[in-house]
Amino acid sequence: MGKGKNEVFGKKIYWHSTAHIMAQAVKELFPDVKLGIGPAIESGFYYDFDCQEVTPDSTTAYTFTPEDLEKIEKRMREIIKKDYKFVRKEIKKSEAISLFKKLKEDYKLELLNELNKGITIYSCDNFIDLCEGPHIPSTGRIKAFKLLKVAGAYWRGNEKNPMLQRIYGVSYPSQRELDEHLKKLEEAKERDHRKIGKELDLFNIFEEAGPGLVCWTPKGTIIKEIIEAFWKEEHLKRGYQLISSPHIAKTDLWKTSGHYEYHYEGMAELKFGNENYVLKPMNCLFHILTYKTRIRSYKELPIRYAELGTVYRYERSGVLHGLMRVRGFTQDDAHIFCREDQMVDELTGVLELAQYMIKTFKFTGYQVDLSVREPGARGGYAGSDEDWEKAEETLVQVLEAKKLDYKRVEGEAVFYGPKIDIKLFDAIGRAWQGPTIQLDFNLPQRFNITYIGKDNKPHQVFLIHRTVLGAMERFIGCLIEHYKGAFPIWLSPVQVAVATISQDLEDYANEVTEKLKSHDIRVQLLSGAEKIGFKIREASLMKIPYILIIGKREKIAKNVSIRERGKGDIGSFKLDTFINLLTKRIRNKD
RNA sequence: GCCGGCAUAGCUCAGUGGUAGAGCAGCUGUUUUGUAAACAGCAGGUCAUUGGUUCGAAUCCGAUUGCCGGCUCCA
C-alpha cells in the first residue's frame, strides 16, 4: 500500500476488517466475552473484549495469554480461508436493540443508545457486529496479519469504567509488507533512547534515588549544557531576560495561585522549619513576583523572563518513561508580560523561536495542535467567553500567518487558557508534547498583575507561558531517538577520537590531542596497547564523529588520517586543515 | 493508579526443585600492532527485596519495589 490519500483510507478499511475477523475468532473461542470496540489505528487495529464472564466464578476477569493469541490467530486463518462475505445491513434502532440484547452485547447496547439514525450492522458467517463500516468484500482479502500484544484498556477510556482486554494487531495484503512492518518495529527498538542512553553512557535513573529522577553522566551533561548555552544565547538575542528562582516556596503562595487545590495530586508539600512549603511544580509564580516588584509602565512592556527551571511533579507510577516522562525535569520556561496590542507580535516571536529550535535540531516530523476549550463546557474555565474567543482568534491568526498546518483539538486546553502545542515523535511514533505556548487568563487576575497605561490607569497584563523545547529531559530523549545516538558534531560529547597504531606514537598523538583541545574541541585519546581495529570499533560504537588515526606515516608527514562517521576512511590531511573543517561544522551546527 | 509481562555478574543473556554459568567489560601478564573485537590467567553474584511451600527454591506460591507494553492521567 502506498501513501496516497485513497490508499491510506483503504488501509483503515483493511485493518478495521481484520479487527472484525479477530473479534469473530475470539467470540468463537470464548463465547462468553462481550465486545467493546475495534477500530483501525495509526498502524494497525485493536479490539476490546470484556472477559469477566469467561471465568464467571473468579473475582478477576480472564486475561488472554500468549497461547490464546496463537489460538486466535489460527482461528482467524480458518475464517480467512473460508472467504466469508462481509454483509452490510441497515436496521431500525429497535431491531438493533433487541438483536444485541439477545446477543448479550451490553457495550454495543450502550453505543446504540447514543445512535439515532443510519444504524448498520455487518455480518460475516455467523458473526454479527454493530458497525458503521465500510469493510472489505470478504475475509479472504486479508493475506498476512499478526496479533502483536494484549493490554488492559478502560471502556471508553474512562478509568471509572471496567477494564477490558485489548488485543492489538496489524495486517497487510502480502507477507512481504507485514515482514517489513515487523522489521521496522525491530529497528525502532534500536533507536530507543533508554537503550542508547545506557550504551553511550548519557544518563541514569537509579532505583535507589527514585523513579523518574534523572542523573546525567558527564557525557549527557555536555549535551545538556551545550543545548542550554545555545538556548540562553538565542533568548538574550530576542530580548528575553534570564532570571532564576528557588525550588520551593511557601504553600500559601500556591494557594493564592489556585495551584494548591487544582494540582494537589502532583504537588509535593514539605515541612521546612515550622512552615509548609511546596516543591515547585512550575516556575511561573516566581516570575510573577519578580514582575510585581514595582509598578510597571506600558512603556516597559513586553517583559520577557526566561529560566531553565527544574520542577517536580508526582506522576503516577505507570506513566513514567525513560527521559520522556519523569518526575523532576527542567523546563525551558519563559513568561511574557505584555499588552493586548502586543499579543500578536509576541506570539509570533515565540512561534518563530520554537520553529528555529526545531529546525536547528533538524527535527522533521512534528505536529502542531491548537488546544481549545471543550465546546459548551462552562464551569471550570478561567476567563470570560469573550476572552476565549478572542484568544483563539489571535492564535489562529498567528498560526495562519506562519502558514503552519495545525489541528484544532477541542477539550485539550488547560483551564486557564487556550494554547498551541507542538508534539515531537519518538522512534515508535508516540507523540510527546515539546514546545507549548499558553495564554493565561487566571494568574493575571489572581495576582492582580497590571501595568499603568497611557491613560494613567492600571490595566491587566496579558500573560504568555511558553517553552520552545519543552523540557530538557524529554527534548534530549527525542533528540537521542531522532539521531539514533549519532549526534551532530556540535552536540557530540566526544567530537574526535585520536587513535594510535602503536604505543611509541604517543608523543605525536599527545601533540595532536593538545592542539585540538586548544581549539575547544572535545577529544579523547586512545593510546592503549590495543590494535587499531579495536580502537576504531570502540570509537565507532560510541558514535564519535571523527577518528584520527596516528601511525608512523602520519607522524613523519605531520598529518592525520581521518575516518568520518558513516563514511569511513576519507584520507590524510594536515591537522590545521582538519581543525578548520571541524570548527566550521561546529559553528554551523552542521 | 489500572491490566498484563519481566527482574540471574558492570553490560547482554543461558540456567524449569538437587553445589550459580557464558560472552563482553574489569584487573594482571604477554603481544607493539595500519582502518569495526590479539592471546592467556585472575577476579566478580544474599539469583531485586521479603514471607511462605519443600528434606532441599534462581526455579513453585504470596506481598513489596523497580522496569517493559498498553490504558488512564498529564497547568
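Letters A, B, ... mirror the listed sequences (proteins, then strands); counts begin at 1. Treat the numbers as computed from the prediction; the structure is a model and nothing was measured.
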Respond yes when some side-chain nitrogen or oxygen of [X] is under 4.0 Å from OP1 or OP2 of [N], and no when none is.
X      : N     : result
A:T63  : B:C3  : no
A:R194 : B:G69 : yes
A:R430 : B:G70 : yes
A:K149 : B:C68 : no
A:H321 : B:G69 : yes

How would you label the contact of [X] with the nucleic acid (heavy atoms, under 4.0 Å): base, sugar-phosphate, or nothing?
X      : answer
A:Q438 : sugar-phosphate
A:G157 : sugar-phosphate
A:I428 : sugar-phosphate
A:T500 : nothing
A:Q165 : sugar-phosphate
A:F534 : sugar-phosphate
A:K535 : nothing
A:I532 : sugar-phosphate
A:Q331 : nothing
A:G551 : base
A:A153 : sugar-phosphate

Go through [options] for me and flag the one nearest to the [X] side chain.
X      : options             : result
A:K198 : B:G34, B:U12, B:G1  : B:U12
A:Q503 : B:G34, B:C11, B:U33 : B:U33
A:D569 : B:G70, B:U31, B:U35 : B:U35
A:M163 : B:U33, B:C3, B:G66  : B:C3
A:R537 : B:G66, B:A37, B:U72 : B:A37
A:Y168 : B:G34, B:G70, B:C11 : B:G70
A:V319 : B:C73, B:G34, B:U33 : B:C73

Nearest-Å distance for atom pair [atom1]/[atom2], residues [X] and [N]:
X      : N     : atom1 : atom2 : answer
A:L541 : B:C11 : CG    : C1'   : 13 Å
A:W432 : B:C73 : CH2   : P     : 15 Å
A:L526 : B:U35 : CG    : C1'   : 13 Å
A:I501 : B:U35 : CD1   : P     : 8 Å
A:Y314 : B:G1  : OH    : P     : 5 Å
A:L548 : B:U35 : CG    : P     : 17 Å
A:L320 : B:U65 : CG    : P     : 13 Å
A:M542 : B:A36 : CE    : P     : 18 Å

In whole Å, what separates the [atom1] atom of [N] from that of [M]?
N     : M     : atom1 : answer
B:C60 : B:U8  : P     : 15 Å
B:A20 : B:U33 : C1'   : 38 Å
B:G17 : B:C55 : C1'   : 12 Å
B:C74 : B:A48 : P     : 36 Å
B:C11 : B:U49 : C1'   : 22 Å
B:C61 : B:U12 : C1'   : 30 Å
B:U64 : B:C39 : P     : 49 Å
B:G62 : B:C6  : P     : 12 Å

What do you reckon, is [atom1] of [X] surrounded by more than 12 foreign heavy atoms closer than 6.0 Å?
X      : atom1 : result
A:K184 : NZ    : no
A:K250 : NZ    : no
A:K255 : NZ    : yes

Q) Are A:K219 and A:V494 close enough that some pair of their side-chain heavy atoms sits under 4.5 Å apart? A) yes

For [N], which nucleotide is its Watson-Crick or G-U wobble mate, given both distances must be under 3.5 Å?
N     : answer
B:G34 : none
B:C27 : B:G41
B:U46 : none
B:C71 : B:G1
B:G66 : B:C6
B:G56 : none
B:U19 : none

Q. On the ring face of A:Y312, is A:R327 found with NZ or CZ under 6.0 Å from the centre and within 45° of the axis?
A. no

Q. Can a donor-acceptor pair under 3.5 Å be found between the side-chain atoms of A:R316 and the base atoms of B:U72?
A. yes

Q: Please evaluate the base of B:G1 for a donor-acceptor partner in the side chain of A:Y154 within a cut-off of under 3.5 Å?
A: yes

Q: Search all heavy atoms of A:F64 against all heavy atoms of A:V33 and return the closest pair with its distance.
A: CZ-CG1, 4.5 Å

Q | Minimum heavy-atom distance between A:M76 and A:A25, given as atom pair plus value | A | CG-CB, 3.6 Å

Q. Does A:G210 or A:F415 map to a spot on RNA chain B nearer the 5' end, using the closest nucleotide for each?
A. A:G210

Q) Mapping A:D504 and A:N158 onto RNA chain B by nearest heavy atom, which one lands closer to the 5' end? A) A:D504

Q) With A:D369, which of A:R408, A:K423, A:K419 fulfils salt bridge (charged side-chain N to carboxylate O under 4.0 Å, His left out)? A) A:K423

Q | Aromatic plane relationship, A:Y416 with A:H465 - under 30° parallel, 30 to 60° tilted, over 60° perpendicular | A | tilted

**Q.** Ring centres under 6.0 angstrom apart (A:F49, A:F30)
**A.** no

